[in-house]
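Hydrogens, waters and symmetry mates play no part in the numbers below; they use all other heavy atoms, side chains included. What you see is a predicted model, and the numbers here were worked out from it, not measured in a lab. Numbers restart at 1 for each chain; the letters A, B, ... are given by sequence-line order, proteins then strands.
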Amino acid sequence: MSDIQGMIYDLQKGQEKYDFRNKQAAKSMVIPGLNESIIREISESKREPQWMLEQRINAFKIYETWHEPNFGVDLSDVDLSKIVTYIHPRYKKATSWDDVPLEIKDTFEKLGIPQAERMALSGVGAQYDSEVVYHNIKTELESQGIIFLDTESAVRNYPDLVKKYFMKAFSPSNHRYSALNNAIWSGGTFLYIPPNVDVKLPLQAYFRMNNEGMGQFEHSIIIADEGSRLHFVEGCSAPYYNAINFHAGMVEIFVKKGARVKYSTIQNWSKNTYNLNSKRAIVDQDGVMEWVTGSMGSHKSMTYPTSILRGKGAKNETIAVSFAGPNQHLDTGSKVFMFAPYTSSTVDSRSISLGGGWSFYRGWLKVDERAKGAKATVRCNALMLDNESRSDTIPLIEVFTDDADVGHEAKVGRISDEQIFYLMSRGMSEKEAKSIIVRGFIEPFAKELPLEYAIELNRLLNLEVESTIG
Amino acid sequence: MNTLYAKTVRSGHKNFKSVIHEPKRVFESYSEEEVFKKIVKESKNTLLSGYQQKRFDEYKEIGFPLFRRINLNRPDFKAGNFGKPCGSNTISDIDEQGIELIKKYDFEGTDRKYLLMAELFSNCGYYIKTQDDQDAGIIKLWYDDTSIFENSLFSLKPGSKAVIIRQISGNYSDKLRNGVIRAIIERNAELVLINIIKTAKADSISESGYFSLSENSRLKVIELSAGQGKFVSNYVYSMDGKNSVLRSAPMFMGSDESVSDIFHTVKFNAPAAIGVLEAKGVLKDRSSCIFRGTLDINKGAFDADGKESSFTLSLSPHARMQTIPGLLVAENKVNASHAATLGSISEDKLYYMMNRGFSKAQAKKLISMGIFDELTEALDSYDKDIAQETVDYVYSIL
């Protein structure tokens, strides 16, 4: 077996834990295609108010007239009319794992979600295909006024609150896939943290696509009211199919005055998935938004977590790692828009490519003329583990004021012989030396995750990297 | 000889494609067909006119790019006027060898439409060809204060050397200047190119450049674009030979409502090439600048050493700076890095200067002038008069 074939074999091995399929849940109904009647059907099945239906229809009209993005990955082989846009589950949502249908519960058990909930989380939302099947939060947090629901339940139970924030960080005309999500969204998390509430343990949402050829279009909204604190963890996976699976989720985050939100993602979609995810945070005065993003899965990805710093002293911190292996084109990055005085931002992006993978960092930092005294840095580092892969970095930096300090640096390279020699001279094998260097490379990202997730990340990387570079 | 059509940006890897924005285009009629026929008819060089005729069909098929639209309704652009001689026109004496080089090194330029326009309607152009191992000394190129369509070729034979100083005056406003330069630097040859481009109000300037560097060749490009007009440039440096060395230092000085769009790409196609791209500039008033610098390292260009940096000093709350430093890497045994810094003059620096008796305005000017040191020092070593003129010009804008 050649080195490259060995790498590919090991990568597939690394996905075994996630690559299992359940039969279609018995009570589900598959709805393929994309048209207005399907949108009406989705809305009706969710018993939505009229304003939501109208928003969906309006967004669908925008979607139909909007062009594909004029940058990023090639989407010409995606035919959305063939994607299963909605799978209607004919069972109730549960707040206890015992009430979740057995085959679905089995899926999440295999992924370790109930165990993680017991050990390390304040609450969990679990989405299976198009709908959230499980949502639960610790009782003491609920009593503090935290609202943690699936988004459609929130639309019914807290209509005014949802209406105030739904599609307010994005507009359906931002791009074609924001319109698409707005039109056919299903599932996702709605989370409201009241003023000055500090959620000590993370909350998690896990997204699982089980069916072949399906699309997942969840829509999550997080509101951290003044002075509150939150760490939200998002995970996702799917079994591998030959047909295209499609994910175009959306996350809207509102960080109010003095609040702090950390949003961590471990994206591990199967290598047949097209992942076009939209995430945006609006940050008010002295608020802090932290994006911790790990992209390891998918066939093609376009995702650029965005912070709009609109309040004086608002802050963004982005740490991102992407890992492009065989047959992967990951076009990822970050966007930060600084619109207020004394705002600040740091972006630390790292990418690893091997086995012919293509890792592409695309960033946009804008310092508006109102952002007097702003400070921002963008750092990009790329590690190419072989000579078959490719690594590109294209950040756009715009500065429209003379009172800001903005710096950017980027580097692309491989593991140098000197580094390996240094470690080997201290008793390590070449394989161990390379593994340690790769782990050190992503360490700033791993240390931002809760311990259990950092261990899981290391396990994934051990499978995906250590065995491939030996 | 095969043609090497060089796209400015690569857009694929293995089975993957990347989506690249194609500009919307518009067609405008300005009697170009009659003008072109007249040019061909009057041409005394059948090699050149033959080449031009072949390219006219492509030119007709392409519209003008909307995002980089130039005003075609200007006096110098009326039918019959373009083609009017400007400066020297040694390109009209181009030989077969030169034509073959122009054919071989084909590229996109600032936009394909403008590149073809400059070639087809050229009213000036320099064909400079050195002999093997010749030291051609300092060559100064001059241009009339009219609209310019330039088609130039610098062919440096093995082991030869030349210093070329190009100056576009910017003495009169509302001019269109559209230039295409090719420089083919053969083995062990060395070229220093200093471009001084002054833009007056309402000027539109487009500069397309393609530079091919063979084994052990050296190229230094120092460019100043300064003034109040619109300036667009696109230079591709193709490191085709091993151990070739490039240093490119684009500098900009924007004032009033000037707009600069500067795009330099270093393509590493051979092993052990060194490419340094270092952009610097000052913006004042409501001027704006986009600087794009890309290091594009192809597979096989191992041991490449690429560095790119940009530094912008903003002297006005209304100035606008955009920088897009790009690293495209398909070979892992390389050193490639880029860095960008954007900021204003620190209070500490101003305080230091003012403590030594300078007014605040003088201190700002002196600190800003420091950015152009590499240009003024290089010019000083070749031609003190041009150096002094350039310093005076930049100082007057500051």
inquiry  = Tell me which of these, B:G306, B:G326, B:G343, B:S18, has more heavy-atom pairs under 4.5 Å with chain A than the rest.
reply    = B:S18
inquiry  = Which one wins on heavy-atom pair count under 4.5 Å against chain A: B:S310, B:A339, B:S288, B:S346?
reply    = B:A339
query = What pairs meet the ring pair (Phe, Tyr, Trp, His ring centres under 6.0 Å) rule with one or both residues in residues 361-410 of chain A, with sequence neighbours excluded?
reply = A:F337-A:W364, A:H408-B:H338
request  = Give the C-alpha distance, both sets of side-chain angles, the deciding distance and a yes or no for ring pair (Phe, Tyr, Trp, His ring centres under 6.0 Å) between A:H299 and B:F16.
outcome  = CA-CA 10 Å; A:H299 174 48; B:F16 291 116; 5.4 Å; yes
message = If we define contacts as heavy-atom pairs under 4.5 Å, which of A:L383, A:N70, A:D403 has the most with chain B?
response = A:N70
request  = Could you look at A:N327 and say if it's the side chain, the backbone, both or neither that has a heavy atom under 4.5 Å from chain B?
outcome  = both
Portion of B:A336 that has a non-hydrogen atom of chain A nearer than 4.5 angstrom = both
query = Which atoms of B:I290 come close to chain A, meaning under 4.5 Å heavy atom to heavy atom: side chain ones, backbone ones, both, or neither?
reply = neither
key: Residue pairs, two or more places apart or on separate chains, that pass salt bridge (Lys or Arg N to Asp or Glu O under 4.0 Å) and touch residues 355-370 of chain A   = A:D331-A:R362, A:D368-A:R370, A:E369-B:R320
request  = Take B:K17 and A:H329 through the side chain to side chain contact (heavy atoms under 4.5 Å, CB included) test and state the conclusion after the steps.
outcome  = CA-CA 9 Å; B:K17 278 193 293 182; A:H329 179 188; over 6 Å; no
query = Within the side chain of B:S344, is there an N or O that forms a donor-acceptor pair under 3.5 Å with the backbone of A:D402?
reply = yes
task = Quick one: which of A:G407, A:G413, A:S389, A:C380 has the most heavy-atom pairs under 4.5 Å with chain B, could you say?
result = A:S389
key: Min side-chain heavy-atom separation B:K333-A:M384 under 4.5 Å   = no
ask   = When rounded to the nearest 0.5 angstrom, what distance separates CG in A:N387 from NZ in B:K299?
value = 4.0 Å
ask   = Between B:S316 and chain A, which part of the residue has a heavy atom less than 4.5 Å away: side chain, backbone, both or neither?
value = backbone
request  = For chain A, find which of B:S309, B:S314, B:P325 contributes the most heavy-atom pairs closer than 4.5 angstrom.
outcome  = B:P325
request  = Report the C-alpha distance between A:E398 and B:M321 in whole Å, list the side-chain angles of each, state the deciding distance to 0.1 Å, and finish with yes or no for side chain to side chain contact (heavy atoms under 4.5 Å, CB included).
outcome  = CA-CA 6 Å; A:E398 292 184 308; B:M321 178 66 202; over 6 Å; no
message = Let me confirm one number: the CG-CG distance from A:D74 to B:N15, rounded to the nearest 0.5 Å.
response = 11.0 Å
Atom pair CG (B:L328) and CD1 (A:I394), whose distance is rounded to the nearest 0.5 Å = 5.0 Å
task = May I ask you to test the A:R390-B:V329 pair for a side-chain heavy-atom distance under 4.5 Å?
result = no
Contacting region of B:L342 [heavy-atom separation from chain A under 4.5 Å] = both
note = A:G357 and B:H13 have their tightest heavy-atom pair at O-NE2, 3.8 Å
task = Using the side chain to side chain contact (heavy atoms under 4.5 Å, CB included) rule, take B:Q322 and A:I397 through it: C-alpha gap first, then chi angles, then the decisive distance, then the call.
result = CA-CA 5 Å; B:Q322 292 172 283; A:I397 300 166; over 6 Å; no
message = Counting only non-hydrogen atoms closer than 4.5 Å, does A:V73 touch chain B with its backbone (N, CA, C, O), its side chain (CB onward), both, or neither?
response = backbone
key: Distance, nearest 0.5 Å, that separates CG of A:D392 from CD1 of B:I297   = 10.5 Å
request  = Go through the atoms of A:A410 and report whether side chain, backbone, both or neither lie under 4.5 Å from a heavy atom of chain B.
outcome  = both
